[in-house]
Amino acid sequence: MRRIPIPSALSHQALREARSPQPPSHVQKKHAVENEMIGRTRSVWLDGHRVDRGIIVFLHGGAYVSGPFASDWAWLSRQCDARGCAGLMIDYRNAPDHQHPVALDDAEAVLNALTADGRLADQPWVLAGQHAGGGLAFSMARRLRGRTDINAPAALIAMSPWLDLELSNAGITETDQIDPVHERRLLRDAARRYAGRTALDDPDLSPINASLEGLPPVHLSVGMRDLFLSDVRVAKLQLEENGVDLSYREISGRLGLQLFVRKGEDIERVHREQAELIERVFDIGS
């Protein structure tokens with residue numbers, strides 16, 4: 001596999017070239033892979049025959065302009081293996097061809113369809129995402145709070161979520177020495193492409209501006225060299241103030257916008273904690 005350096009080659013072109021719409025070969029060897037068009041949204045199952053053991057629904061990263069990436073598939077594969085359950089990658093439509101609220105609407109349409117045909121109605125499920133997908137997962141979980149016709153996720157897992165498309169948190173300047181200016185420039189451009197005419201501070205785009213109460217148990221993680229570190233810390237405080245069952249982990253280096261799989265003891269600890277949360281909420285619901 002050709003590796004794209006991070007962050008020196010971080011660009012829209014690099015993101016597009018790194019897109020992996022199908023699972024890498026090592027993931028395909030481990031799982032039964034099935035593509036399914038659910039409404040207008042392309043979705044990919046890993047071991048869809050195991051939905052009775054629970055479902056992990058994953059929203060990929062990519063700054064709303066690309067994805068999924070090899071790192072997304074690797075995470076979903078690992079957690080499905082750990083639990084022996086089904087995984088679903090929602091390949092929501094991206095900017096610039098599709099703008100807000102398309103990603104959110106795509107995810108909701110998939111969940112509606114899975115509820116209607118019974119696959120999501122009779123067993124617990126977990127909502128997970130990283131980077132843009134992590135922010136999208138928070139927005140989706142908020143939207144589902146008021147729904148009575150669909151089961152809420154049993155847990156929410158967010159890895160270095162993009163919670164503020166304005167990138168307005170003053171704390172971001174603290175990381176200038178380790179996060180290059182061009183990464184912020186890329187994200188600002190991606191935010192404008194996806195937001196369209198919607199204000200960047202809209203809570204559905206930037207859930208840091210929304211109430212984070214009433215959410216299911218959350219595992220929240222971020223890298224100490226991630227551009228979103230300050231925002232994730234703010235979200236941590238908000239979740240704690242609202243009494244959400246929260247597991248939180250900061251790791252050395254970067255966690256956000258990882259196009260390829262990162263290894264090391266820090267990331268292994270995060271994965272174990274996430275697997276423990278998935279196991280706990282699935283066992284409660286079974």
Side-chain angles (χ1 to χ4, degrees), residues 19-24 27-28 30-70 72-77 79-80 83-158 194 204-205 216 278 282 285:
R19 171 172 157 80
S20 179
Q22 287 295 115
V27 174
Q28 296 196 35
K30 285 186 174 182
H31 304 276
V33 177
E34 180 183 359
N35 290 271
E36 180 178 359
M37 287 299 298
I38 304 178
R40 296 182 178 180
T41 307
R42 176 182 171 275
S43 303
V44 183
W45 287 97
L46 301 186
D47 297 332
H49 58 286
R50 292 178 172 172
V51 294
D52 60 325
R53 300 185 183 182
I55 304 173
I56 302 173
V57 177
F58 193 85
L59 301 172
H60 61 75
Y64 294 106
V65 298
S66 188
F69 304 126
D72 296 307
W73 291 113
W75 185 90
L76 186 58
S77 171
Q79 297 299 345
C80 287
R83 172 64 191 187
C85 65
L88 181 66
M89 181 76 71
I90 298 181
D91 192 7
Y92 56 87
R93 292 171 289 174
N94 289 323
D97 294 333
H98 304 283
Q99 297 179 324
H100 177 76
V102 166
L104 194 57
D105 288 347
D106 281 355
E108 185 174 26
V110 169
L111 299 177
N112 286 338
L114 295 180
T115 298
D117 66 22
R119 284 181 285 181
L120 209 62
D122 299 325
Q123 61 280 315
W125 64 283
V126 167
L127 181 61
Q130 66 173 334
H131 200 262
L136 189 60
F138 268 100
S139 294
M140 191 73 256
R142 288 183 55 252
R143 182 177 285 196
L144 293 177
R145 287 181 308 189
R147 298 282 297 270
T148 59
D149 57 336
I150 183 172
N151 289 335
L156 173 63
I157 296 175
Y194 176 64
D204 278 344
L205 277 172
I278 293 170
F282 278 3

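Heads up: numbering here begins at 1 and tracks the sequence. Only a predicted model underlies this, so the values are computations on that prediction, with no experimental measurement involved. Just the heavy atoms: all of them, side chains too, but no hydrogens, waters or symmetry mates, feed the values below.
The side-chain heavy atoms of C80 and H31, taken from C-beta on, include a pair separated by under 4.5 Å. Contact of the I150 side chain with the L144 side chain is registered, since non-hydrogen atoms from C-beta on lie closer than 4.5 Å. In this structure, the side chains of W73 and V33 stay at 4.5 Å or more apart for every pair of heavy atoms. Looking at R19 and P68, their side chains come closer than 4.5 Å, going by heavy atoms from C-beta outward. In this structure the side chain of R50 never reaches within 4.5 angstrom of the side chain of R83, judged on heavy atoms. For the pair P101 and D204, the minimum side-chain heavy-atom distance is 4.5 Å or more.
Legend: residues meeting side chain to side chain donor-acceptor pair (under 3.5 Å) with R147, ordered by chain and number and at least two apart, are E108, N112, D149. The side chain to side chain contact (heavy atoms under 4.5 Å, CB included) test applied to A74 returns V261, not counting sequence neighbours. For A103, the side chain to side chain contact (heavy atoms under 4.5 Å, CB included) partners two or more places apart in sequence, or in a different chain, are Y64, Y92, L136, Y194. Take A32 and apply the side chain to side chain contact (heavy atoms under 4.5 Å, CB included) test, not counting sequence neighbours, and it matches D47, H49. Applying the salt bridge (Lys or Arg N to Asp or Glu O under 4.0 Å) rule to E36 yields the partners R119; only residues at least two apart in sequence or on another chain are considered.
Looking at every heavy atom in both residues, P216 comes nearest to P153 through CB-O, 3.3 Å. Minimum heavy-atom separation, F282 to R53: CD2-O, 3.7 Å. Looking at every heavy atom in both residues, G48 comes nearest to W45 through CA-CE3, 3.8 Å.
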- Task: Go through F138 and L59 one step at a time and tell me if the side chain to side chain contact (heavy atoms under 4.5 Å, CB included) criterion holds.
- Result: CA-CA 11 Å; F138 268 100; L59 301 172; over 6 Å; no
- Does the pair Q130 and W75 meet the rule for a side chain to side chain contact (heavy atoms under 4.5 Å, CB included), with working shown? CA-CA 10 Å; Q130 66 173 334; W75 185 90; 5.6 Å; no
- Message: Using the rule given for side chain to side chain contact (heavy atoms under 4.5 Å, CB included), can you reason through V44 versus D91, listing the C-alpha separation, both sets of side-chain angles and the distance that settles it, and then say yes or no?
- Response: CA-CA 8 Å; V44 183; D91 192 7; 5.7 Å; no
- Dump the intermediate steps for side chain to side chain contact (heavy atoms under 4.5 Å, CB included) on L76 and H60, then the final yes or no. CA-CA 10 Å; L76 186 58; H60 61 75; over 6 Å; no
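Pairs passing the salt bridge (charged side-chain N to carboxylate O under 4.0 Å, His left out) check and including a residue from residues 94-105, sequence neighbours excluded, read D105-R143.
The structure places CD of Q22 at 4.5 Å from CZ of R42, a figure rounded to the nearest 0.5 Å. S77 OG to L46 CG: the interatomic distance, rounded to the nearest 0.5 Å, is 6.5 Å. The CD1 atom of I38 sits 4.0 Å away from atom OG of S43, with the distance rounded to the nearest 0.5 Å. Note that CD of Q79 and SG of C85 are 8.5 Å apart. Values are rounded to the nearest 0.5 Å.
Of the residues listed (L127, V57, I90), the one engaging M140 in a side chain to side chain contact (heavy atoms under 4.5 Å, CB included) is L127, and it is the only one. Under the side chain to side chain contact (heavy atoms under 4.5 Å, CB included) test applied with W125, the options L111, T115, L114, L88 reduce to a single match, L111.
A donor-acceptor pair under 3.5 Å links the side-chain atoms of D106 to the main chain of R93, judged by distance alone.
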